[in-house]
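Reminder, nothing fancy here: chain letters follow the sequence lines and each chain counts from 1. Any value given below was found using the heavy atoms of this structure, including those in side chains, with hydrogens, waters and symmetry copies removed.
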Number of protein chains: 2
Amino acid sequence: MAERPIGDRRRIPEATVARLPLYYRALLETGEMGIATVSSERLAELAGVNAAKVRKDLSYLGSYGTRGVGYDAEYLLHQIARELGLSQDWPVAIVGAGNLGQALANYRGFGARGFRVVAVLDADPRKLGLEVAGLAVEAFADLDDIVVGRKVTIGIIATPGHAAQEVADALVAAGVGSILNFAPTLVAVPAEVSMRKVDLATELQILSFYQLRRALLDQPRAAR
Amino acid sequence: MAERPIGDRRRIPEATVARLPLYYRALLETGEMGIATVSSERLAELAGVNAAKVRKDLSYLGSYGTRGVGYDAEYLLHQIARELGLSQDWPVAIVGAGNLGQALANYRGFGARGFRVVAVLDADPRKLGLEVAGLAVEAFADLDDIVVGRKVTIGIIATPGHAAQEVADALVAAGVGSILNFAPTLVAVPAEVSMRKVDLATELQILSFYQLRRALLDQPRAAR
DNA sequence: CAGACTTTGTGAGTCTGTGCACAAGGTCGA
DNA sequence: TCGACCTTGTGCACAGACTCACAAAGTCTG
């Protein structure tokens, strides 16, 4: 079972990347339970996917299983962590010290795996110095220095929508390579920066779509 | 341009459903700017997708555009809202009055479009009565009465991971049809209930994956 | 040491989603 | 009324993701 160098293999499909964190979490749990070996079947159950998918996903990382036995839980955990870059340290800056920004900063198990909040910023002078999760809120104007000085690689946008693009531009200009956007607005970034977005309103509207269908099934008269 | 009854047409692909909220938001903006007619090209730009996709997506709703002209912004907005069920009222209950639960309850533009937080619950007796977004925190034990009495259709799980499954079970038992899960755990629900999940750790790990690749491109020696 | 048994890794087929390119259909000016 | 022009709606080809089914490769028992 030789470790293959990162990146030096066939491209890992996006859908697979999105599932690796699930496997990672599942393996952490089996680890706590002291289980040494785990089959794709079991792992599938723990991650809420099907077994064939698990095997194919893991095969992109290399042949880390043993036929007839399963996967060595600890070794596989290590491999996935390595692949996801969790053995590295990723300093995170949160922009926006409102309700959401504070909640995110206080999120436990955040710093846990390599992610460490090193700054919380806000443009509102009244928020300056406010203590959030053990950090003093700093001025948005100092973003550049903070990003460079503390080697921030991931920026989290937790501002109102209208400020989001400006914040994103500033993050990119400062050299941040990854952005997680919680603001409900379209934010454009250069192709070499990755951005993911989390939007409460969108999620609720999707739920509402399906909820409506189900409601109509029960009483088809309500065609509104 | 006749309105077709909801549900009574070819099935709308999941990917399209996930984009309707984007179009909805874009149309709200054009509305504020007083723009009466919008082309697929323009809408694509505002929503951050490509024009062909916009046209195909909208075509699933019916033929609501005019060739040579574009779409009537207000009418289209109305149609999308109808399709997403935004003309209805969806009472929402938030379970978990911690940092995240409070942040979600205070989220502006939440109640805006049909979604209305009608209860915030917590199992911790010390949280009882605490005022969050104008609501007193109520006991988790009262979930059933609250859901039934206030006709809650959407439940939001904002508890620590270990409580999530129990909360989900209780929500389902009480009759909630849609769940939005913020807890970082696998939660199983019956097929007739829809659930979407938002997981900060997963998002960060995905970003970290791609960030790592970029870092390796810059200095290929660091194979760790 | 052989054969039964278990579980991985993957080829092949199917389904879903994307994007191009263009005919169909409508507007507008002369 | 006619023709130039514009934009929608969609057929088609392609790419990505999912699932099945099974050969390959290992373990374990007698």
Side chains of [X] and [Y] only: does a donor on one sit below 3.5 Å from an acceptor on the other?
{"X": "Tyr107(B)", "Y": "Asn99(A)", "result": "no"}
{"X": "Arg25(A)", "Y": "Thr185(B)", "result": "no"}
{"X": "Gln211(A)", "Y": "Thr153(B)", "result": "no"}

Side chain of [X] (C-beta onward), nearest among [options]:
{"X": "Glu14(B)", "options": "dG17(C), dT10(C), dC18(D)", "answer": "dG17(C)"}
{"X": "Arg55(B)", "options": "dT8(C), dG17(C), dC22(C)", "answer": "dC22(C)"}
{"X": "Ala52(A)", "options": "dT8(C), dC18(D), dC20(D)", "answer": "dC20(D)"}
{"X": "Val69(B)", "options": "dA17(D), dT8(C), dT27(C)", "answer": "dT27(C)"}
{"X": "Ser59(A)", "options": "dC18(D), dT10(C), dG19(C)", "answer": "dT10(C)"}

Donor-acceptor pair, distance only, cut-off 3.5 Å: does the side chain of [X] make one with the backbone of [Y]?
{"X": "Gln165(B)", "Y": "Ala188(B)", "value": "yes"}
{"X": "Ser194(A)", "Y": "Leu207(B)", "value": "no"}
{"X": "Arg116(B)", "Y": "Pro91(B)", "value": "no"}

Is the phosphate of [N], meaning OP1 or OP2, less than 4.0 Å from a side-chain N or O of [X]?
{"X": "Thr66(A)", "N": "dG26(D)", "answer": "no"}
{"X": "Tyr64(A)", "N": "dT7(C)", "answer": "no"}
{"X": "Tyr60(A)", "N": "dG16(D)", "answer": "no"}
{"X": "Ser40(A)", "N": "dT7(C)", "answer": "no"}

How do Tyr71(B) and Lys53(A) order along DNA chain D: which one's closest nucleotide is nearer the 5' end?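 Mapping each residue to its closest nucleotide by heavy atoms, the 5'-most match is Tyr71(B).
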DNA chain D: 5'-proximal contact among Arg67(A) and Lys56(A) (nearest heavy atom):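 It is Lys56(A) whose nearest nucleotide is closer to the 5' end.
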Just how far, in rounded Å, is [atom2] of [N] from [atom1] of [X]?
{"X": "Leu76(A)", "N": "dG9(C)", "atom1": "CG", "atom2": "P", "result": "10 Å"}
{"X": "Glu41(A)", "N": "dC20(D)", "atom1": "CD", "atom2": "C1'", "result": "14 Å"}
{"X": "Asp72(A)", "N": "dT7(C)", "atom1": "CG", "atom2": "P", "result": "16 Å"}
{"X": "Asn50(A)", "N": "dC18(D)", "atom1": "CG", "atom2": "C1'", "result": "8 Å"}
{"X": "Tyr75(A)", "N": "dT8(C)", "atom1": "OH", "atom2": "P", "result": "16 Å"}
{"X": "Ile12(B)", "N": "dT16(C)", "atom1": "CD1", "atom2": "P", "result": "15 Å"}
{"X": "Asp57(A)", "N": "dT19(D)", "atom1": "CG", "atom2": "P", "result": "11 Å"}

Pull out every residue in residues 21-33 of chain B that has a heavy atom closer than 4.0 Å to any atom of DNA chain D, ordered by number, or say none.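 Close to the strand, none.
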Not counting sequence neighbours, which residues clear side chain to side chain contact (heavy atoms under 4.5 Å, CB included) with Ala51(B)? List them please.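 Here the qualifying residues are Ser40(B), Glu41(B), Ala44(B), Arg55(B).
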Between Phe209(A) and Arg213(A), is there a cation-pi geometry (under 6.0 Å to ring centre, at most 45° from the normal)? yes
Under 4.0 Å, heavy atoms only, any strand: does Arg19(B) hit a base, just the sugar-phosphate, or nothing? sugar-phosphate
